[in-house]
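Below: the structure, in structure tokens.
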Amino acid sequence: MTREPLKIGVLGYRFMGKAHANALARLPMFFPDAPAVERHTLVGRDEEALADAADRFGFAHTATDWAEAIDEVDVFYNLGPNHVHAEPSIAALDAGVPVLCEKPLAPTLDEAAAMRDAAADADVPAGTAFNYRFVPAIRYAKGLIADGELGEISQVRGRYLQDWLADPDAPWAWRMDADMAGSGALGDLGAHTIDLVDFLVGDEVGGIDRLSGHLQTFVDERPVYEEGDGDDAEVEEYRDVTVDDAYSAQVAYESGATGTFEATRFATGHKNDHTVEVHGSKGSLKFSLERLNELEVLREGDRGFQTVLVTDETDPYVDRWWPPGHVIGWEHTFVHENYEFLTAVAEGREFSPSFAEGYRVQGILDAIERSDERGEWVSVE
């Protein structure tokens with residue numbers, strides 16, 4: 001008996017909306033065993049822009065009320081700004097509709113806890129959209145670590161460097177407002193790093209026991225420009241920046257291993273440099289998102305790092321794409337993520353990363369903020 005296509009509702013049609021809509025469109029071609037989907041309802045506030053996006057993304061319907069969309073769909077994607085993550089996601093889960101929510105899970109730990117609890121009470125999958133877990137090279141790295149190739153893990157390092165705010169005249173946006181975003185580089189970029197490292201080594205080193213964090217804002221206010229043509233636009237007003245531009249943290253794991261994390265939007269010359277290193281008693285590995293098809297690996301007895309091109313058909317997900325050596329890109333991580341999430345929905349099983357895992361990351365973000373406020377090491381609750 002053929003299963004009816006899953007009706008997908010998506011809140012948000014800009015950056016992440018485009019990324020996930022692209023992934024949904026690609027699934028039937030490259031992952032024919034994925035559940036059939038119907039791009040049903042796209043949700044937003046600006047009716048004209050929403051209609052244009054729905055036409056381009058292949059959605060049959062639009063709605064300006066997310067509650068109306070939840071009543072019509074089988075699966076709900078919450079891709080809106082952080083401050084609208086909690087209420088629609090909880091409402092969908094209460095209605096028995098599976099949810100995939102962008103990271104960080106919420107602006108505050110309390111809201112993230114409410115989302116975690118709603119997911120625990122629901123009998124449907126609830127996923128946090130940490131798409132970098134689904135990079136083939138990361139899956140390959142996790143396998144090496146789990147197989148003991150690196151030995152006992154002693155240190156991890158993670159950094160996420162961007163430069164899109166290095167110009168003090170870069171325009172103000174919602175990501176610079178604490179009420180809407182919760183935090184700046186910490187939540188936007190650091191959440192990815194913290195989750196990715198936990199995914200890679202959490203089983204080996206345990207959770208983070210305590211940490212020391214520091215937040216810094218370099219530009220205290222940003223211009224809001226009048227609508228105009230590029231450089232001709234006039235400054236209408238200045239608004240306060242109430243989040244961090246950069247963060248750094250030292251962490252101590254339950255096993256005795258240590259870690260260092262940092263992220264910034266002021267690293268001139270770095271566009272999307274997400275790098276993770278893992279060091280063990282027998283070897284090490286290094287990964288950079290800017291070379292996402294490669295993994296740098298040092299095994300016991302090697303004199304130096306070897307570059308492994310993770311594009312063979314035996315590598316995770318790669319058999320769905322192109323011949324060996326024909327690389328994939330950033331957008332493909334969303335295809336893999338959507339495949340795994342929608343398969344979990346169709347099979348009625350849990351999805352990882354779950355809301356509980358998203359909440360765990362939120363707890364670490366909260367601890368970094370507490371440490372910065374107190375100027376001391378704090379425990380991770």
Side-chain angles (χ1 to χ4, degrees), residues 8-21 24 39-51 53-54 57 59 61-119 122 124-131 172-192 224 239 241-243 334 337-338 341 353-355 357-359 361-362 365-366:
I8 310 296
V10 173
L11 189 163
Y13 55 85
R14 299 195 185 279
F15 186 25
M16 285 299 100
K18 184 183 295 184
H20 284 278
L24 291 169
R39 283 164 278 167
H40 190 275
T41 304
L42 191 63
V43 184
R45 292 180 300 174
D46 185 325
E47 291 188 6
E48 183 176 349
L50 181 62
F57 297 172
F59 281 80
H61 309 279
T62 62
T64 56
D65 181 354
W66 52 260
E68 175 186 326
I70 288 172
D71 290 339
E72 299 295 329
V73 301
D74 302 313
V75 185
F76 184 67
Y77 284 44
N78 192 333
L79 314 179
N82 302 345
H83 72 289
V84 296
H85 283 182
E87 186 180 4
S89 297
I90 292 171
L93 290 170
D94 287 347
V97 177
V99 176
L100 181 67
C101 183
E102 265 301 327
K103 59 83 218 152
L105 200 56
T108 69
L109 188 60
D110 286 344
E111 287 176 287
M115 296 174 70
R116 175 205 59 190
D117 293 345
V124 293
T128 308
F130 287 116
N131 61 299
W172 186 92
W174 69 264
R175 292 185 184 277
M176 299 164 211
D177 183 279
D179 290 337
M180 288 191 279
S183 62
L186 175 64
D188 185 29
L189 306 178
H192 269 306
V224 176
R239 292 183 187 172
V241 174
T242 54
V243 299
F334 292 90
E337 179 181 48
N338 276 263
F341 175 68
S354 64
F355 272 23
E357 290 166 285
Y359 172 80
V361 171
Q362 198 85 37
L365 302 181
D366 181 75

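Just so we're clear, the structure is a prediction, and the values are computed from it rather than from any experiment. The first residue of the sequence shown is numbered 1, and numbering continues consecutively from there. Computed over heavy atoms, backbone and side chain alike; hydrogens, waters and symmetry mates excluded.
At least one side-chain heavy atom of Arg239 sits less than 4.5 Å from a side-chain heavy atom of Val224. Under the 4.5 Å side-chain criterion, counting only non-hydrogen atoms from C-beta, Val10 is in contact with Leu79. Here the side chains of Thr62 and Leu50 are in contact, with some heavy-atom distance below 4.5 Å. Here the side chains of Phe355 and Leu93 are in contact, with some heavy-atom distance below 4.5 Å.
Side chain of Asn78 to main chain of Val84: a donor-acceptor pair is present (N/O by atom type, distance under 3.5 Å, no hydrogens or angles). Under the 3.5 Å distance criterion, the side-chain polar atoms of Ser354 are matched with a main-chain donor or acceptor of Glu357. Checked by atom type and distance alone, the side chain of Glu72 never pairs as donor or acceptor with a backbone atom of Ala69 at under 3.5 Å. Under the 3.5 Å distance criterion, the side-chain polar atoms of Thr242 are matched with a main-chain donor or acceptor of Ala178.
Take Arg14 and apply the salt bridge (charged side-chain N to carboxylate O under 4.0 Å, His left out) test, not counting sequence neighbours, and it matches no residue.
Contact record, Leu42 with Gly12: CD1-O, 3.8 Å, taken as the closest heavy-atom pair.
Judged by the 6.0 Å and 45° rule, Arg116 forms a cation-pi pair with Tyr359.
Partner of Leu24 under the side-chain contact (heavy atoms from CB on, under 4.5 Å) criterion, chosen from Phe334, Tyr77, Phe57: Tyr77.
To the nearest 0.5 Å, atoms CG (Leu11) and OG1 (Thr41) are separated by 11.5 Å. Here CZ of Phe76 is found 7.5 Å from CH2 of Trp66. Values are rounded to the nearest 0.5 Å. Distance check: Trp174 CH2 to Met180 CE gives 8.0 Å after rounding to the nearest 0.5 Å.
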Walk me through it: do Val361 and Phe130 pass the test side chain to side chain contact (heavy atoms under 4.5 Å, CB included)?
CA-CA 11 Å; Val361 171; Phe130 287 116; 4.1 Å; yes
May I have the step-by-step check of side chain to side chain contact (heavy atoms under 4.5 Å, CB included) for Glu47 and Thr64, ending in yes or no?
CA-CA 7 Å; Glu47 291 188 6; Thr64 56; 3.7 Å; yes
Only pairs under 3.5 Å count here: list side-chain donor-acceptor contacts from residues 99-113, not counting sequence neighbours, and write none if there are none.
from, atom 1, to, atom 2, distance (Å)
Glu102, OE2, His20, NE2, 3.1
Lys103, NZ, Asp188, O, 2.7
Lys103, NZ, Asp188, OD1, 3.2
Thr108, OG1, Glu111, N, 3.2
Thr108, OG1, Glu111, OE1, 3.1

